[in-house]
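Below, chain A is the first sequence line, B the second, and so on; all start at residue 1. Remember, predicted model here, so these are calculated numbers, not experimental data.
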There are 2 protein chains.
Amino acid sequence: MKNTVPLAFSDHNHEKCRAASINAAYRQGLRLTKWRQLVLDLLLEDHRSMGAYEILEKLECHGVKPQPPTAYRALEYLVEHGLVHRIEKQNAYVACARPDMCRNAGFIVCKTCRKVAEIEYASSEADLLHIAAESGFETKSAIMEVEGVCADCQKSA
Amino acid sequence: MKNTVPLAFSDHNHEKCRAASINAAYRQGLRLTKWRQLVLDLLLEDHRSMGAYEILEKLECHGVKPQPPTAYRALEYLVEHGLVHRIEKQNAYVACARPDMCRNAGFIVCKTCRKVAEIEYASSEADLLHIAAESGFETKSAIMEVEGVCADCQKSA
DNA sequence: TGTACCGGTGTTACACTATAACGGTTTTTT
DNA sequence: AAAAAACCGTTATAGTGTAACACCGGTACA
């Protein structure tokens with residue numbers, strides 16, 4: 001585990017994050033339709049999680065406000081292709097911070113400001129996955145989430 | 001990490017699990033009211049997760065069927081006091097398999113039969129918690145969940 | 001003995017999250 | 001060009017979770 005300064009909680013050139021996401025999509029030959037682009041753009045504004053209905057409200061194209069399935073379809077596609085992650089503890093979604101090398105991602109999420117730090121963990125460190133595999137379990141997905149209050153929000157409170 | 005044979009997926013004396021839970025409640029001086037008992041009993045029947053509404057349906061006392069808040073209140077209490085865990089990936093609940101020594105629990109959950117194996121991980125292995133702490137993050141809760149299909153269900157399919 | 005408090009319960013109503021299903025359109029493949 | 005697949009718009013509904021308020025029963029304490 002190399003990462004000791006979570007990206008979301010430190011200053012950084014956020015344009016790089018956006019570019020990396022677009023590049024990853026391009027390299028994988030993904031089809032970013034209008035809604036998918038809009039949803040991804042929204043999430044890429046910041047390393048914060050957003051609920052589906054929150055996204056839905058901000059979604060709008062040529063004055064057209066879409067219905068829930070539109071948002072959920074876009075999200076499903078983006079999650080499937082690794083450009084977006086779902087934060088289970090918040091029923092919310094966040095743009096992937098490392099679309100290039102995103103294998104095993106863990107998240108540190110602030111309850112207050114909803115910032116999300118994404119941490120890649122080496123699979124050798126994921127004991128749970130080993131145990132699962134050893135007992136013949138076929139893993140489909142894995143999550144690791146730490147929820148609490150970030151340093152900034154502690155100060156503000 | 002010692003656990004190499006997940007309890008839920010192996011034969012074991014399940015009465016011990018139930019007894020351990022009751023003992024833990026007693027030792028902590030918890031107040032197990034009728035609904036809390038009923039909910040806990042339901043979950044202790046097996047190492048399987050159940051949704052709140054599934055629990056609600058099976059909940060009944062002297063012919064009285066309670067409303068949703070009743071189930072949620074009991075679940076909230078049991079989760080708070082460590083007798084029950086919430087499985088985020090399934091919006092479901094499962095009885096704690098190790099109420100004595102339950103600090104950092106990870107879960108291996110089968111999508112098909114909903115069996116849940118609970119694995120304790122040494123906190124030294126929880127890198128995410130370290131990183132969080134190092135950056136001044138105040139952790140409130142942490143989860144680790146692996147979802148997939150267990151060996152038995154693979155055979156059945 | 002009262003009375004003030006507190007945790008638990010019953011009840012109603014509602015908020016939030018997510019999906020099924022169907023038909024039409026566009027895009028891709030053959 | 002025809003067939004198949006993917007996408008989108010729309011309606012309706014399913015599933016999950018909570019706010020709020022009234023009531024009840026115990027208990028602490030004046």
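In this structure, B/R31 atom CZ and D/dG25 atom P are separated by 14 Å, rounded to whole Å. Protein atom CD of A/E88 is 16 Å distant from nucleotide atom C1' of D/dG17, rounded to whole Å. One atom, NZ of A/K89, and another, P of D/dT16, lie 18 Å apart when rounded to the nearest Å. Atom C1' of nucleotide D/dA6 and atom NE2 of A/H81 are separated by 12 Å, given to the nearest angstrom. The distance between atom CD of A/E60 and atom P of D/dG9, rounded to the nearest whole Å, is 13 Å. To the nearest angstrom, P of C/dT9 lies 11 Å from CG of B/L59.
Contact annotation: the side chain of A/S49 never approaches that of A/F107 to less than 4.5 Å [non-hydrogen atoms, C-beta and beyond]. In this structure, A/F9 and A/D152 have side chains that are not in contact, with every pair of non-hydrogen atoms separated by 4.5 Å or more. No side-chain heavy atom of A/I108 sits under 4.5 Å from any side-chain heavy atom of A/V116.
Just one of B/L42, B/L43, B/D41 meets the side-chain contact (heavy atoms from CB on, under 4.5 Å) condition when paired with B/V39; it is B/L43.
For D/dG17, the OP1/OP2 oxygens have a side-chain nitrogen or oxygen of B/R86 closer than 4.0 Å. One finds a side-chain N or O of A/K34 lying less than 4.0 angstrom from the OP1 or OP2 phosphate oxygen of D/dG9. Under 4.0 angstrom from either OP1 or OP2 of C/dA18 there lies at least one side-chain N or O belonging to A/Y93. For B/T33, no side-chain nitrogen or oxygen approaches OP1 or OP2 of C/dG7 to under 4.0 Å.
Salt-bridge check for B/R27 with B/D100: passed, with a basic side-chain N closer than 4.0 Å to an acidic carboxylate O. A salt bridge between A/K58 and A/E60 is absent, with no side-chain N of the basic residue lying under 4.0 Å from a carboxylate O of the acidic one. A salt bridge links B/E54 with B/R114: the closest approach of a Lys/Arg side-chain nitrogen to an acidic carboxylate oxygen falls below 4.0 angstrom.
Using modelled atom types, one side-chain atom of B/R36 and one backbone atom of B/R31 make a donor-acceptor pair closer than 3.5 Å.
Between B/R36 and B/N91, the residue whose closest nucleotide on DNA chain C is further toward the 5' end is B/R36.
For residues 62-79 of chain B, proximity to DNA chain D is found at B/P68, B/P69, B/Y72, B/R73, defined as any non-hydrogen atom under 4.0 angstrom from a strand atom. For DNA chain C, no neighbouring residue in residues 39-57 of chain B is found when judged by any heavy atom under 4.0 Å.
Relative orientation of the B/H12 and B/H47 rings is tilted, given thresholds of 30° and 60° on the angle between their planes.
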